[in-house]
Amino acid sequence: MTKLAPQNMTTSEIKLELKELTKNLAKYDEEYYTNDAPSITDAEYDELKKRALELEEFLNQTDLFGNLVVSKKVGSKVKNGFKKITHIIPMLSLENLYNDDDLKEFTTRIKKDLALLPNETFDIVAEYKIDGLSFNARYENGTLVSAATRGDGTIGEDITENIKTIKDFPTQINTTLPVLEVRGEVYMSKEDFINLNKYQEAHGEKLFANPRNAAAGSLRQLDANITKKRNLSVIVYAWGEVSEPKPWNTQEEFYKYAKSLGFPIQPIFKICHTYDELKDFYHKIESERHAIPFDIDGIVYKINDLNLQKKLGFIARAPKWAIAHKFPPQQAITIIKDITLQVGRTGVITPVAELDPINVGGVMVARATLHNQDYIKAKDIRKTDTVVIERAGDVIPQVVEVKLSERKPYTTEFIMPTTCPVCGEPISQKKDEVALRCTNPNCPAQIKEYLKYFISRDAFNIDGLGSSQIELFYDKGWLKNPTDIFSLIQNHKEDIEKLEGYGKKSIENLTTSIENAKNIKLDKFIYALGIFGVGSATAILLANKFTSIDNLKNATFGELIDIYGIGDTMAMDILNFMRDETKINLINELTKIITIENPEKIELDETHPLYEKTIVFTGTLSTLGRKEAEDIARKFGAHPTSSVSKKTNILVAGESAGSKLDTAKKLGIEILSEQDFLNIIGKK
Ligand code: IVH
């Protein structure tokens, strides 16, 4: 709906609309900041806020300090249960701009405010706007003493214990500054988000709508053990209170300093001088954003020189020396043609929206997951509805909103069935789970999905056998269970030859890939079993610890939870699997046909110089890759990490080692050359 310009409204109309807007914005703030579950998109929120500002400005409604009231508000209340921390220097927000014209205006305004001549230039840092959760971490004499979320900008939640569980976030730093507060973003990578949601789905737990919500939900846990299980990452991009004199005079120098202390900083940033350079950087990153391993929602421009920053100062809630250039949302509007049901490998029944195909941010989308009945109900999603589709984490399409004003007459609520849409057996729902499941272990849909999983890349990896072949061969009755795959050619060569598209060559290739798959590494085999929640990373941990499938069959709860990365729930899932007779039969049948390549049993020598040592590799190693060196170190019981802190025991410095070497020297950490390392591991 087009809104009236304030000039054409009466004061009471403006006040009424502003009141409504303020109420709604408070609700949306609460959803976003406190509950990590926004019900509107960022773009819609920004739109409402813009309108509120417009009205406020017109009314000249300011607080005692002359600040606009709505615009001053940042973030939301702290969640119940969290201790509060007052930010000594408030955590501000950034103004947004949405197009190249706004950007041009920004650069012109800065020049004017700095009273520069038309040909005078200045440095602007352009960098990622990370879509996560901002935090402030305080170090006193090099020790992390507290960390807090932004909260309402003045008071945040105490997340000290939570942030300590994040890998690569140092708790000790080598600084001479008595007080140093760093600020940045906690985020979850797209890959970790997808894995977390897979795990959540398999365990009937709440799904996160996007990586930002997943990061927020994982960080803001009263029990830091939960945070520890989630893979969170950090990027530091600003500071709060810092003892004077600061050892940096520019934004760029701050990054160098933060990096030397072991803080993860922006993977790339560019020093620009002109509007054109900034614009090019923005468009380049926008076109490449899908390939960045985490979500970014724009580019932040910051004046590099701190003296110039000071000159420019602040407006109500944001600095005038920085601005965020937001990306257009990866959204599109389309129609739900149908709602179908998909039965997964573990029997979970997922409703799926079949869409009128639509281009969302460069990718054609024809289907979107509706997750479960609660999700459908909460959003009141119906067949024939016009909906807003968004690619969350740039990958999974979601229905974010129903355009209720465009709803067709006589639509009805979508009701989940009481029987499995594939096998007709009754559906059940476990206590405390949202998911509905088909409990029939012989359900064709479950078997097909398991067969597809079994041959997938991280499992048996059978080239020439894909999802459509599995569907076809299963429907023909040639594949009933995984063991049939290995006798498929012997039993059905002639049948397959008769199929369209199957020449001699393709059957030969299929035969070879099935034969090759008979030799499989233990971790791939464990993954292929499809144990609840056991992804490929956990399968590697299990393979290394137990070194044979027989040992894993006899694993105890204690042995399982002893593995870093395996918690109580997963340990129980593994034990339950290994106590299930049909699963054990499957393992026994498979091991008659295939050969499992077991990893070497690593008997750790507790007297070895690397045993239980935290080790960092830096610089270029001439005889080993970084990953290879880390793997070797692990075999001797060492724990490789990427940043140097007081916890580091050994630093192996290769060619052109940089700041990590300097830090290690300052901290008095043992430093080894590549040759020293090779000597220690017995490779001369
Ligand atoms: S600088 C004084 N740099 O975006 C402002 N913020 O919408 C200091 N954010 O509150 C913030 N990436 O949570 C800055 N590279 C970046 C950022 C960034 C993400 C967040 C931050 C901020 C919000 C503003």
Side-chain angles (χ1 to χ4, degrees), residues 36-37 132 162 165-167 186-221 223-233 293-295 342-350 369-372 374-375 392-396 398 429-437 446 449-450 452-454 456-459 523-524 526-543 545 552 555 557 560-561 563-578 583:
D36 305 323
N162 311 67
T165 70
I166 301 179
K167 283 194 299 285
V186 172
Y187 65 94
M188 189 178 279
S189 74
K190 293 175 192 172
E191 190 184 352
D192 287 325
F193 161 69
I194 291 166
N195 286 337
L196 173 62
N197 259 1
K198 272 192 197 156
Y199 182 85
Q200 296 286 102
E201 189 141 38
H203 288 81
E205 307 259 354
K206 176 186 134 195
L207 294 176
F208 295 100
N210 53 44
R212 199 208 81 87
N213 292 149
S218 303
L219 186 67
R220 301 165 76 213
Q221 289 283 345
D223 177 0
N225 283 318
I226 302 178
T227 313
K228 192 172 172 180
K229 287 189 198 151
R230 313 269 174 86
N231 276 339
L232 293 174
S233 309
F294 49 87
D295 267 355
Q342 197 171 291
V343 184
R345 173 169 68 82
T346 56
V348 172
I349 297 176
T350 311
T369 175
L370 297 177
H371 301 297
N372 51 52
D374 287 7
Y375 188 86
D394 279 355
V395 191
I396 313 163
Q398 314 253 10
Q429 186 170 19
K430 281 194 198 161
K431 196 171 152 259
D432 301 331
E433 273 198 11
V434 208
L436 296 180
R437 284 172 199 273
Q446 286 186 52
E449 290 309 311
Y450 178 54
K452 290 179 198 169
Y453 175 85
F454 188 85
S456 64
R457 213 181 42 183
D458 289 338
D523 61 284
K524 303 246 173 202
I526 296 173
Y527 175 82
L529 293 175
I531 307 168
F532 227 36
V534 175
S536 43
T538 313
I540 295 175
L541 295 176
L542 291 170
K545 164 101 183 197
L552 179 60
F557 184 74
L560 288 166
I561 54 165
I563 303 176
Y564 183 83
I566 296 192
D568 296 3
T569 327
M570 202 187 289
M572 276 321 293
D573 287 338
I574 298 168
L575 286 185
N576 286 337
F577 187 95
M578 295 302 170
K583 309 288 189 204

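No experiment lies behind these values; they were computed from the predicted model shown.
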Scanning both residues in full, the closest heavy-atom pair of Ile561 with Ala571 reads CG2-CB, 3.7 Å
Smallest heavy-atom separation, Tyr375 atom then Leu370 atom, equals CD2-O, 3.2 Å
Counting C-beta onward and ignoring hydrogens, is there a side-chain heavy-atom pair between Thr538 and Tyr199 closer than 4.5 Å? no
For Ser233, the side chain to side chain contact (heavy atoms under 4.5 Å, CB included) test, sequence neighbours excluded, returns Tyr187
All heavy atoms of Ala539 vs all of Asp523, minimum pair found to be CB-O, 3.3 Å
- Decide yes or no for Leu232 and Thr165: does some side-chain heavy atom of the first lie under 4.5 Å from some side-chain heavy atom of the second? no
Sequence neighbours excluded, the answer for side chain to side chain contact (heavy atoms under 4.5 Å, CB included) partners of Lys229 is none
Output yes when a side-chain donor or acceptor of Ser218 lies under 3.5 Å from a complementary backbone atom of Thr227, and no otherwise. no
More than 12 non-hydrogen atoms from neighbouring residues, nucleotides or ligands closer than 6.0 Å to NZ on Lys545, yes or no? yes
Residue set satisfying side chain to side chain contact (heavy atoms under 4.5 Å, CB included) with Ala214, at least two apart, ordered chain then number -> Met188, Phe193, Leu196, Phe208
Residue set satisfying salt bridge (charged side-chain N to carboxylate O under 4.0 Å, His left out) with Lys524, at least two apart, ordered chain then number -> none
Do Gln446 and Val343 have side chains that get closer than 4.5 Å, going by heavy atoms? yes
Met578 versus Leu552: any side-chain heavy-atom pair under 4.5 Å? yes
Between Leu560 and the options Leu575, Leu541, Asp573, the side-chain contact (heavy atoms from CB on, under 4.5 Å) test singles out Leu575
Evaluation steps, side-chain contact (heavy atoms from CB on, under 4.5 Å), between Asn372 and Val348:
CA-CA 9 Å; Asn372 51 52; Val348 172; over 6 Å; no
Taken in chain and number order and not counting sequence neighbours, the residues that satisfy side chain to side chain contact (heavy atoms under 4.5 Å, CB included) with Tyr453 are Arg345, Tyr450, Tyr527
Contacts of Gln342 meeting side chain to side chain donor-acceptor pair (under 3.5 Å) (sequence neighbours excluded), chain-then-number -> Arg367
